[in-house]
Amino acid sequence: MPILSAPAVSLHDFAIGQLRNLLRAVGLADSANTATRLLGEALGPGCRAPLSAVPQWPSFVADDHSPVEFSVALAQNERPAVRMIVESLAEQPGKQANLTAALGVLDRLADRYDLRLGQFDRVRDLFLPDDPQGTFAFWYSLIVQPSGAQAVKVYLNPEARGRESATGLVAEALARLGLDSAFPVVAEHGLRRGGLDRFSFFALDLTDENRARVKTYVSHDDAMIADVVGAAAATPDVDPALLTDVCELARGGAGPFTRRPLMSSYTFLSGDTDRPSGYSLYIPVRDYVQDDLEACERVLAIMARCGLDTTPFVMALASLVRRPLGDGVGLIAHVSLRLGRPKPGVSVYLSSEAYDVTPPRTTALST
């Protein structure tokens, strides 16, 4: 059944309320006013209509088509950060209308938050054609940092000109950003299995170029753990044993990951030329458990393996949950492991469930 907190509440207000609760839970309440204004702007005018049983737009940000997803980024001996992935919705949502709304949001945010668009401007024509293809064109990542500063990242779609053009498009984008020498390393390690490995996201920080990250994401269909260990070898300072253990804890075995795929991301920092500095693995834990109770147990086990304090995650989960964890699956959507630079750690992705709750499975896939 769809879950509505009040008959006339809008998606905008619903998500703002969730963010306030989440920030309070992890000790970032002082950032709430600025962060909620940022989220409210990024959601776009289409999110001010009252919530209904059917989403106005089938966003792929979340399983129930909510255009927002939250995450908590954790690292040893540091306060947590909160992140949001957002798809801006136009008043009359549509693929091109949403893109126009998102770019209008970008213009306003650039002035208000002193965003730096130089890198984005170098590649925007590649990823934003007149008639973009694929499941999305432009998403935001909004980051609330322990320092109180806000940061903005954009996600672009390598399949905007068709899946067959994605590899060449990413290669051209990296070349324009001075990273052409790194592409062969990413391709050698990340695209080793032909059509089973494909570029799925391209992301840019909208900040000073000496601090901005460039990230490429590769989805690995039907992968075994050994496949992502090989993909991670493109990056120095990766611990294969830790990567293997985290995958096994999330999956309940060595694989294969036959439902939603594992996803690698390669992080390029200022000064990188021939290889990425960081590697992250994104695991869609919701696809490999019966319910969110089992997903929670697996995330706690992963955090223990990584030597992380579990309290921020538990508090974050408690701030968003509105049902018994065993009554659905997907509130805990992904868990990611960050290795190498700039900041090793774990992130847990939490769904808004603004529209719906996915029923639990009768049998976990791990069995």
Side-chain angles (χ1 to χ4, degrees), residues 123 126-127 153 155-159 163-205 212-251 253-284 302 306 334-347:
V123 301
L126 294 175
F127 293 99
K153 179 171 72 174
Y155 287 97
L156 304 169
N157 191 349
E159 297 183 0
R163 179 172 291 194
E164 69 284 354
S165 301
T167 299
L169 192 150
V170 170
E172 173 62 20
L174 289 175
R176 291 188 186 185
L177 297 172
L179 295 167
D180 47 314
S181 297
F183 179 80
V185 176
V186 171
E188 176 188 352
H189 292 86
L191 302 178
R192 299 187 304 165
R193 301 181 306 138
L196 293 175
D197 299 318
R198 56 187 175 82
F199 286 110
S200 44
F201 295 95
F202 191 90
L204 298 166
D205 285 341
R213 299 166 300 166
V214 175
K215 300 185 73 173
T216 60
Y217 296 73
V218 177
S219 292
H220 306 287
D221 291 326
D222 297 330
M224 301 293 290
I225 293 177
D227 295 318
V228 294
V229 170
T235 305
D237 302 322
V238 164
D239 183 344
L242 177 60
L243 185 61
T244 297
D245 289 350
V246 167
C247 285
E248 289 181 346
L249 288 169
R251 174 67 174 87
F257 290 77
T258 54
R259 291 178 69 88
R260 257 177 284 246
L262 295 172
M263 185 183 299
S264 296
S265 80
Y266 299 99
T267 300
F268 298 93
L269 305 176
S270 177
D272 288 341
T273 55
D274 59 347
R275 65 178 54 243
S277 286
Y279 173 85
S280 297
L281 181 69
Y282 298 81
I283 306 168
I302 288 169
C306 296
H334 282 82
V335 60
S336 70
L337 176 67
R338 304 187 306 276
L339 298 169
R341 297 171 60 206
K343 191 178 296 184
V346 168
S347 293

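One is the number of the first residue; the rest follow in order along the sequence. What you see below is based on every heavy atom in this structure, not just the backbone, and it leaves out hydrogens, waters and symmetry mates.
Side-chain atoms of V346 and V246, non-hydrogen and from C-beta on, never get closer than 4.5 Å to each other. V214 has its side chain within reach of F202: a pair of non-hydrogen atoms, C-beta onward, lies under 4.5 Å apart. Using a 4.5 Å heavy-atom threshold, the side chains of L339 and P344 count as separate. By the 4.5 Å heavy-atom criterion applied to side chains, S264 and H220 are counted as neighbours. For the pair R251 and I283, the minimum side-chain heavy-atom distance is 4.5 Å or more.
The distance from the CD atom of E172 to the CZ atom of F127 is 9.5 Å, given to the nearest 0.5 Å. The line from CZ of R163 to OG of S200 is 9.5 Å long, rounded to the nearest 0.5 Å. Taken to the nearest 0.5 Å, the CG atom of L196 stands 11.0 Å off from the CG atom of L191. Within the model, atoms NZ of K215 and NZ of K153 stand 4.0 Å from one another, a figure rounded to the nearest 0.5 Å. Put simply, OG on S165 and CD on E159 are 10.0 Å apart, with the number rounded to the nearest 0.5 Å. Distance check: L174 CG to D180 CG gives 8.5 Å after rounding to the nearest 0.5 Å.
Every residue two or more places apart in sequence or in another chain that forms a ring-ring contact (aromatic ring centres under 6.0 Å, His included) with F201 is listed here: F136, W139, Y155, Y217.
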**Request:** Start with the C-alpha distance between Y279 and L243, add both sets of side-chain angles, then the distance that settles side chain to side chain contact (heavy atoms under 4.5 Å, CB included), and finish with yes or no.
**Result:** CA-CA 11 Å; Y279 173 85; L243 185 61; 4.3 Å; yes
**Request:** Could you walk me through whether V185 and Y266 pass side chain to side chain contact (heavy atoms under 4.5 Å, CB included), step by step?
**Result:** CA-CA 10 Å; V185 176; Y266 299 99; over 6 Å; no
**Prompt:** For V170 and V186, what are the C-alpha separation, side-chain angles and deciding distance, and is it a side chain to side chain contact (heavy atoms under 4.5 Å, CB included)?
**Reply:** CA-CA 11 Å; V170 170; V186 171; over 6 Å; no
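Between D221 and R193 there is no salt bridge, since no side-chain N of the basic residue sits under 4.0 Å from a carboxylate O of the acidic one.
Sorted by first then second residue, the salt bridge (Lys or Arg N to Asp or Glu O under 4.0 Å) pairs that include residues 266-275, not counting sequence neighbours, number zero. Annotation: side chain to side chain donor-acceptor pair (under 3.5 Å) contacts involving residues 224-245, sequence neighbours excluded, comprise D245-R305.
Taking both residues in full, the closest heavy atoms of R338 and K343 are given as NE-O, 3.0 Å, listed atom of the first, atom of the second, then distance. Looking at every heavy atom in both residues, F257 comes nearest to C247 through CZ-O, 4.0 Å. Nearest heavy-atom pair, C306 versus L242, reported as atom, atom and distance to 0.1 Å: SG-CD1, 4.0 Å. L126 and L169 make their closest contact through O-CD1, 3.4 Å (heavy atoms, listed as atom of the first residue, atom of the second, distance). Residue G230 comes nearest to H189 through the heavy atom pair O-CD2, 3.3 Å, listed as atom of the first residue, atom of the second, then distance. Minimum heavy-atom separation, Y282 to S336: CD2-CB, 3.5 Å.
In this structure, R198 contributes its side chain and T167 its backbone to no donor-acceptor pair below 3.5 Å.
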